[in-house]
Amino acid sequence: TKSGTGNFILASPLNDEIHYDPPGSRPPSEWTLTVSTSGSGSVTKNPNQSTYTDGTWVQLTANPSLGWSFNHWGGDLFSYNNPDSILMDSNKAVTAYFTQDQYTLTVNIYGSGSVSKSPNYSTYTYGQSVTVTATPSFGWRFDHWSGALSGNINPTSIVMTSSTTVNAYFVQNIYNISLQPGWNMVS
């Protein structure tokens, strides 16, 4: 039964309890969706509105920055799907979690020598610079790079934008010995 500005609601048909619903106690018909990010990226909402009517589905799309990847949604939407949708039946808060991409730098050695990396990590992030230094073994010399590097500048640097391979080539030193007719001392 309606009376004045409030509503009377029958709570249970079995015990005839009647409750009064004062004005303003009903849920709003408009809900807000707060979206935040952790890491580097952005989120687009479709439809993109400041409030949503009750029962509206909103599609969320995570857009990672260069060198980052979408990981998962958190808050009122827990999911690994991208894009994903959320039902607006209350005020919602969703966080998009992004993780930095990790890249490997593989060094192959041809001949006899070693290559050091600075910094020497198992993985690198997008845009990180790595200096590689070729050190020949005794009786060998560094000749050139191939793979993600070229030329013979040593040491040199590489900027990581993907997992990559660098080849270092060493060649044996060759010594020319001039011999004269007769006896020669060679050691």
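Bear in mind the structure is a predicted one, so any value in this text is a computation, not a measurement. The figures here come from the full heavy-atom set of this structure, side chains too, leaving out hydrogens, waters and symmetry mates.
Taking the six-membered ring where the residue is Trp, the centroids of Tyr126 and Tyr124 are separated by 6.0 Å or more.
Counting only distance, with no hydrogens or angles, the side chain of Thr37 and the backbone of Ser42 share no donor-acceptor pair below 3.5 Å. Judged purely by atom type and a 3.5 angstrom limit, Asn63 has no side-chain atom pairing as donor or acceptor with the backbone of Gly41. For the pair Asn71 (side chain) and Tyr97 (backbone), a donor-acceptor distance under 3.5 Å is absent. Remark: the backbone N or O of Leu87 is paired with a side-chain donor or acceptor of Lys92 at under 3.5 angstrom. Checked by atom type and distance alone, the side chain of Asn108 never pairs as donor or acceptor with a backbone atom of Asn167 at under 3.5 Å.
Residue-environment remark: OH (Tyr169) exceeds the threshold of 12 foreign heavy atoms within 6.0 Å. Residue Phe78 places its CZ atom among more than 12 non-hydrogen atoms of other residues, nucleotides or ligands, all under 6.0 Å distant.
The residue from Thr53, Asp89, Asn91, Asp54 that alone fulfils the side-chain hydrogen bond (donor to acceptor under 3.5 Å, both in side chains) condition with Trp31 is Asp54. Ser69 pairs with exactly one of Asp101, Thr99, Asn82 by the side-chain hydrogen bond (donor to acceptor under 3.5 Å, both in side chains) rule, that one being Asp101.
In this pair, Tyr80 and His72 present their aromatic rings tilted. The plane angle is within the 30 to 60° band.
Distance CG/Leu33 to OG/Ser90: 10.0 Å, rounded to 0.5 Å.
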Donor-acceptor pairs under 3.5 Å, side chain of residues 128-136 to any protein atom, not counting sequence neighbours: which ones?
unit_1, atom_1, unit_2, atom_2, d
Gln128, OE1, Thr125, N, 3.1
Thr131, OG1, Ser157, OG, 3.1

